[in-house]
Amino acid sequence: MNEKERYTVVVADDEAELLDAVCQMIRWEDIGFTLVGSAGNGLDALQLVEQLQPDLLLSDIHMPFISGVELARQVRALRPMTHIAFLSGYDDFEYAQKAIEYNVISYLLKPIGMADLTEALREMHKKIRLRYQALQSPQTERPGWEPFLLPLLLDDFTEAGELSEASLAAAARAAALFPDLPEPRLLVLASRMGEEAATAELAGSVDLILSSYYPARSLAAGRQVLTLLASDGDFDRLPIALDELVQAVGRVWGLSCATGVSRPFEHWTQCHAAAREAVDALRFAAPGAQGLRQLPQPETAVRCPVDYAALPDRLESLLRTATPAELQRFLLTLREGMEDVALLQVLATALRILSTTASEEQIRDLRRRCRLEESAFAAVPEVERWRRAIQLCLGAQELLAGQRRDGVSLLCGKALEDINLHYMDELLSLGSVSERLHVSPNYLSANMKKYAGDTFINLLIKKRMEVAGDLLKTTNLKIHEVAKRCGYSDQHYFSYCFKKYYGVSPMALRRSGGNG
């Protein structure tokens with residue numbers, strides 16, 4: 001079997017005998033799966049999904065500590081590409097139907113024999129394979145909207161004075177762009193998959209994924225896939241949609257995926273400006289970066305008039321994505337082969353980008369270090385002017401790189417602060433913290449693992465268990481009081497987690513004086 005068609009699976013069931021039977025008696029490899037983990041309760045299952053990112057979660061609907069439906073909801077937020085199958089009794093079926101929106105691909109009724117379960121798993125494998133194949137080879141035929149959409153995003157009709165809002169709206173209706181939304185709210189995405197030019201197949205995959213959340217129309221434009229999204233309201237599901245896009249492109253195509261997003265807008269004449277904004281946001285991402293990108297402080301950024309000819313556009317891309325050596329080679333080539341006007345474009349582009357991303361104090365400091373004072377700069381020889389311009393560009397690139405690092409560090413630092421300050425809050429979770437920080441659970445989880453060396457859930461458990469161990473060793477609090485102080489209202493679950501972490505029960509640790 002093709003290794004790309006071998007899918008990973010986590011099994012969760014609180015009936016130990018059934019869990020063991022499923023894990024040991026199913027011949028997983030023969031039916032295209034690799035069993036990577038098992039759990040006896042919902043919270044352990046969620047922890048395994050965050051760690052192992054399986055293609056399939058096979059779970060009982062009634063689970064200790066967290067219900068099957070709640071587990072499906074949280075898995076959907078954390079790992080949208082994970083498919084879910086429920087084991088349930090007859091009385092659970094209507095209850096399980098509530099989870100239909102959470103990638104539930106099968107309901108299996110208990111009791112179930114291993115032969116029937118094996119056949120059901122074969123069907124699940126087929127469903128997953130067909131989904132992945134559809135993403136890898138989507139329909140690339142384009143209806144009448146593509147000839148309208150391409151110039152809509154790439155040309156500035158407003159600046160040229162060619163078409164009015166009314167005429168563009170009429171053309172959109174004629175092209176059946178979003179036929180079910182007569183007055184849509186719009187948003188533009190610019191997605192980069194890997195380092196090669198975008199293809200019609202990738203654009204089709206983007207449409208397939210995003211269209212399950214919002215009406216979407218995508219096309220390949222150079223290295224980007226440009227997507228016009230529509231909504232009759234807000235775009236609150238966009239983070240999870242882009243998480244699924246990242247995971248799907250990685251799983252199916254083996255490519256990294258980063259997406260720049262514009263601000264929402266309501267007029268067709270704003271499409272070109274929104275596309276530029278999305279592309280600018282994408283360029284702020286480092287090579288190989290994943291997930292959603294937005295320009296810093298889009299509401300207050302000061303934008304200078306920009307000549308978007310080839311040179312400024314190329315330089316802007318290098319400032320945001322190239323190595324310092326690559327940037328310097330490009331600038332030295334310019335110095336050798338072009339007129340002084342190129343120097344002015346270099347300075348203008350670097351200062352424009354700084355004006356949208358750096359503070360006034362940072363800009364003043366960089367200008368001072370590069371000696372760009374007008375009188376002194378105009379009087380020096382051309383070679384010296386170029387040297388200072390190159391120094392400015394390298395300084396600007398360093399600031400941009402620092403902002404990317406600082407942004408992730410700040411985000412993860414705030415998440416760790418939440419753990420340290422609010423570990424006793426039972427409702428503290430990856431979902432609640434990511435919502436407060438205005439990022440998706442998947443994005444926060446992935447960056448926490450890089451920044452702190454472990455998943456959010458494991459870091460929270462570690463903090464709670466360390467506090468619990470100290471309380472048991474240094475106070476006379478009862479076990480249920482210790483549990484409550486550490487964020488567990490269920491003493492049984494606290495004891496389960498404690499023994500899993502320390503290898504002994506809370507009472508045994510207390511009796512041993514902390515040496516157990």
For residues 228-240, tabulate all N or O donor-acceptor pairs below 3.5 Å that involve a side-chain atom, not counting sequence neighbours.
unit_1 : atom_1 : unit_2 : atom_2 : d
Ser231 : OG     : Gly233 : N      : 2.9
Ser231 : OG     : Asp234 : O      : 2.9
Asp234 : OD1    : Asp236 : N      : 3.4
Arg237 : NH1    : Tyr213 : O      : 3.2
Arg237 : NH2    : Tyr213 : O      : 2.6

Does this structure show an ion pair linking Glu50 with Lys449, if we count only N-O contacts that are shorter than 4.0 Å?
no
Can you name the one residue among Leu71, Val104, Leu52, Val9 that meets side chain to side chain contact (heavy atoms under 4.5 Å, CB included) with Leu57?
Leu71
Taking NZ, NE, NH1 and NH2 as the nitrogens, is one of them in Glu29 or Arg6 under 4.0 Å from a carboxylate oxygen of the other?
yes
For Lys500, the side chain to side chain donor-acceptor pair (under 3.5 Å) test, sequence neighbours excluded, returns Asp44
Tell me if a side-chain donor or acceptor on Ser262 pairs with a main-chain N or O of Val188 at a distance below 3.5 Å.
yes
Any carboxylate oxygen within less than 4.0 angstrom of a Lys/Arg side-chain nitrogen, looking at Glu244 and Arg251?
no
Sorted by chain and number, sequence neighbours left out, salt bridge (Lys or Arg N to Asp or Glu O under 4.0 Å) with Asp14 holds for none
Please determine whether a side-chain nitrogen of the Lys or Arg among Arg263 and Glu277 lies less than 4.0 Å from a carboxylate oxygen of the Asp or Glu.
yes
Not counting sequence neighbours, list each pair that qualifies as a side-chain hydrogen bond (donor to acceptor under 3.5 Å, both in side chains) and has a residue in residues 113-122.
none
Test of understanding: with salt bridge (Lys or Arg N to Asp or Glu O under 4.0 Å), list the residues that count as partners of Arg436, not counting sequence neighbours.
Asp418
Qualifying salt bridge (charged side-chain N to carboxylate O under 4.0 Å, His left out) pairs with a residue from residues 437-446, counting only residues at least two apart or across chains
none
